[in-house]
Participant: 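Quick one: this structure, given as structure tokens, is what I'll be asking you about.
Whatever order the structure lists them in is the order used to number ligands and atoms, beginning at 1.
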Amino acid sequence: MDCIFCKIIAGEIPSYKVYEDDNVLAFLDITQGTKGHTLIIPKKHIKNVYEIDEETIFNVFKVVPMISKALKKAFNPIGLNIINNNDQPHQSVFHFHIHLIPRYEDDGMILSTINNYDKYEPTYFNNLITKITNEM
Ligand code: 5GP
Ligand code: ZN
């Protein structure tokens with residue numbers, strides 16, 4: 001399969017391994033957006049959150065606290081972001097992965113949400129809830 005992360009798992013492409021068990025691999029993101037920027041992936045090839053099964057996502061997320069605490073102890077960041085991109089606009093590798101991004105003062109990373117609260121009435125929020133729960 002032409003998947004760069006499957007090739008990393010198979011050892012066909014080298015990586016800087018942070019952690020490995022039967023189901024998951026964690027390794028340094030090659031770009032090192034900030035110091036310690038780490039990716040956690042399932043060993044099973046799964047495209048993204050729309051295709052992942054509960055057991056596999058559990059296996060990935062269950063190592064998040066352990067690795068996050070190791071990053072905190074190792075580098076003393078002021079915070080840490082956990083990011084997962086699915087499809088557009090940001091997914092560039094189509095093998096499910098979680099980014100652990102330690103944060104530092106003035107690290108240049110821009111991650112923010114927009115506050116649209118003033119634009120909406122309660123009916124808007126209730127309509128959203130109806131639409132979402134109808135799909136469950
Ligand atoms: P996405 O944009 O899909 O959420 O993130 C994919 C990430 O994979 C990027 O941050 C990119 O730097 C990283 N990446 C892509 N190719 C390689 C590689 O060959 N080795 C490593 N370690 N990271 C990679
Ligand atoms: Zn893959």
Participant: For the residue pair H97 and H95, is the inter-centroid distance of their aromatic rings smaller than 6.0 Å?
Facilitator: no
Participant: With heavy-atom distances below 4.0 Å as the criterion, list the atoms of ligand 1 near Q91.
Facilitator: 3 (O)
Participant: Would you say the ring centers of F5 and F27 fall short of 6.0 Å from each other?
Facilitator: yes
Participant: Could you find the nearest protein heavy atom to atom 8 (O) of ligand 1 and give me its residue, atom name and distance?
Facilitator: F5 CZ, 3.4 Å
Participant: What heavy-atom pair brings S68 and L100 nearest, and what distance separates the two atoms?
Facilitator: OG-CD1, 3.8 Å
Participant: Looking only at protein heavy atoms, identify the closest one to atom 7 (C) of ligand 1 and say how far it is in Å.
Facilitator: D29 OD2, 3.4 Å
Participant: Between I82 and I98, is the side chain to side chain contact (heavy atoms under 4.5 Å, CB included) condition met? List the steps.
Facilitator: CA-CA 7 Å; I82 298 171; I98 297 172; 3.5 Å; yes
Participant: Looking just at side-chain N and O atoms, do K119 and N116 make a donor-acceptor pair shorter than 3.5 Å?
Facilitator: yes
Participant: If you stand at the Zn ion (ligand 2) and look out to SG of C6 and SG of C3, what angle do those two lines make, to 10°?
Facilitator: 120°
Participant: Nearest to atom 19 (O) of ligand 1, what protein heavy atom do you find, and at what distance?
Facilitator: I4 CD1, 3.7 Å
Participant: Please list the nearest protein heavy atom to atom 18 (C) of ligand 1 with its residue and the distance rounded to 0.1 Å.
Facilitator: I8 CD1, 4.0 Å
Participant: Is the closest basic N to carboxylate O distance between D2 and K7 below 4.0 Å?
Facilitator: yes
Participant: What residue and heavy atom of the protein are closest to atom 5 (O) of ligand 1, and at what distance?
Facilitator: H97 NE2, 3.1 Å
Participant: What class does the angle between the rings of Y120 and F125 fall in, given that below 30° is parallel, 30 to 60° is tilted and above 60° is perpendicular?
Facilitator: perpendicular
Participant: Treating D21 as the side-chain partner and V24 as the backbone partner, does any N or O pair qualify as donor plus acceptor under 3.5 Å?
Facilitator: yes
Participant: Could you check which N/O/S atom of H45 is closest to the Zn ion (ligand 2)?
Facilitator: ND1
Participant: For a quick check under 3.5 Å, do N84 and N86 share a side-chain donor-acceptor pair by atom type?
Facilitator: yes
Participant: How far is atom 15 (C) of ligand 1 from its nearest protein heavy atom, and which residue and atom name does that atom have?
Facilitator: V93 CG2, 4.0 Å
Participant: As an exercise, identify every atom of ligand 1 less than 4.0 angstrom from a heavy atom of S92.
Facilitator: 1 (P), 2 (O), 3 (O), 5 (O), 6 (C)
Participant: Would D53 and I46 count as a side chain to side chain contact (heavy atoms under 4.5 Å, CB included) if you check the C-alpha gap in whole Å, the side-chain angles of each, and the deciding distance to 0.1 Å?
Facilitator: CA-CA 9 Å; D53 58 279; I46 293 167; 3.8 Å; yes
Participant: Starting from atom 2 (O) of ligand 1, locate the nearest protein heavy atom and write down its residue, its atom name and how far away it is, to 0.1 Å.
Facilitator: H90 O, 2.8 Å
Participant: Return the residue, atom name and 0.1 Å-rounded distance of the protein heavy atom closest to atom 17 (C) of ligand 1.
Facilitator: I30 CG2, 4.0 Å
Participant: Please determine whether any non-hydrogen atom of L39 lies less than 4.0 Å from an atom of ligand 1.
Facilitator: yes
Participant: Only heavy atoms of F27, strictly under 4.0 Å: list the atoms of ligand 1 that pass.
Facilitator: 21 (C), 22 (N)
Participant: Which of the N/O/S atoms in H95 sits closest to the Zn ion (ligand 2)?
Facilitator: ND1
